[in-house]
Amino acid sequence: MAVISPATRFAPPLNRPFHHRSSLASLHCSSRNFLFLGKPTPSSTIVAVRCQKPASDGISSMESMNHVSSSIDFLTLCHRLKTTKRKGWINQGINGSESIADHMYRMALMALIASDLTGVDRERCIKMAIVHDIAEAIVGDITPSDGVPKEEKSRREKAALKEMCEVLGGGLRAEEITELWLEYENNASLEANIVKDFDKVEMILQALEYEAEHGKVLDEFFISTAGKFQTEIGKSWAAEINARRKSQLINRQR
């Protein structure tokens, strides 16, 4: 039986190599400075259960602890995704509306349960769904009603993503997050096409649910996405949601 080292078991290699190094140059993350979070004091105690690389790898215990500290700083920053409500629902007067993290989580579930598609990397879709709105931890949920030009929105989010990668301490995981985010932002692959569709599908499904729960008619979300789905799976799921909505509206009028 082959012996699997702890490092291999807990830190698998990336799904596939990075292909857009040049596009990542402007977002390369190496700094460890972050203004929002304080540095741990010498008396701070960090308790973590993690796999330590063998001493022969040349990784000092101090470097390992720094990585742990950066990881927790990053996760603490991502807490904002759990507490920031999606602005489109706030504008509609929905009380207790979903957070950004709620939205990304169900998109990841969509990628997980979708039927197998030829040439589609399911794991990459799941990862992309998890990170596609991650910059909103800093910039918030910018919607069309805010009047921010698309180019300016992208600039703010790129700057926020770079800052988040600096909190994480750079390295392969920060590069992976950056590549996934850029791929989605640029709609640059079949996986990005699918996740873009899941973004719209999740929104209209949530709109359908809020219509039922709050007795509202949320036409704008269905109108804004009509005819904009790029993939067959996106089109079929959207058609099912629209069919259910039609039935729901008819029943409400009886």
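Note that the structure is predicted; figures quoted are calculated from it, not measured.
In this structure, the side chain of Arg122 engages the main chain of Leu112 through a donor-acceptor pair within 3.5 Å. Here the side chain of His214 pairs no donor or acceptor atom with the backbone of Glu211 at under 3.5 angstrom. Using a distance-only test at 3.5 Å, with no hydrogens or angles considered, no donor-acceptor pair links the side chain of Lys82 to the main chain of Cys78. A donor-acceptor pair under 3.5 Å is formed between the side chain of Asp121 and the backbone N or O of Glu123.
Residues Asp141 and Lys85 are not paired through a salt bridge, judged by the lack of any N-O separation under 4.0 Å between the basic side chain and the carboxylate. A salt bridge links Arg86 and Glu98; the closest N-O separation between the charged side-chain nitrogens and carboxylate oxygens is under 4.0 Å. Under a 4.0 Å N-O distance rule, the pair Glu183/Arg124 qualifies as a salt bridge.
Side-chain contact check for Ser154 versus Lys158: some heavy-atom pair is nearer than 4.5 Å. Using a 4.5 Å cut-off on side-chain heavy atoms (C-beta onward), Ile100 and Arg80 make no contact. A 4.5 Å side-chain heavy-atom check between Tyr105 and Ile130 finds every atom pair outside the cut-off. Side-chain atoms of Val120 and Cys125, non-hydrogen and from C-beta on, do get closer than 4.5 Å to each other. The shortest distance between side-chain heavy atoms of Glu157 and Lys162 does not fall below 4.5 Å.
There is a side-chain donor-acceptor pair under 3.5 Å between His103 and Asp199. Side-chain contact annotation: Glu136 with Thr84, donor-acceptor N/O pair under 3.5 Å absent. For Asn193 and Thr231, the side-chain atoms include no donor-acceptor pair closer than 3.5 Å. Using modelled atom types, one finds a donor on one side chain and an acceptor on the other under 3.5 Å when comparing Thr143 with Asp146. When only modelled atom types and interatomic distance are considered, Gln206 and Asp102 share no side-chain donor-acceptor pair under 3.5 Å.
Taking every heavy atom of both residues into account, Ile204 and Phe222 meet most closely at O-CZ, 3.6 Å. Scanning all heavy atoms of the two residues, the minimum distance from Ile126 to Ala111 falls at CG1-CB, 3.6 Å.
Rounded to the nearest 0.5 Å, atoms CZ (Arg173) and CD (Glu176) are 5.5 Å apart. Atoms OH and CD1, on Tyr184 and Ile134 in that order, are 13.5 Å from each other to the nearest 0.5 Å. Separation of atoms CE (Met203) and CZ (Phe221) is listed at 6.5 Å; rounding is to 0.5 Å.
For Phe229 and Trp237, the ring centers sit 6.0 Å or farther from each other.
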Item to check | Verdict with reasoning, Ser97 to Ile90, per side-chain contact (heavy atoms from CB on, under 4.5 Å) | outcome: CA-CA 7 Å; Ser97 60; Ile90 294 175; 4.0 Å; yes
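Note that Lys216 lies outside the cation-pi zone of Tyr210, set by a 6.0 Å cut-off to the ring centre and a 45° limit from the axis.
For the salt bridge (Lys or Arg N to Asp or Glu O under 4.0 Å) criterion with Glu209, the lone passing option out of Arg244, Arg106, Arg245 is Arg106.
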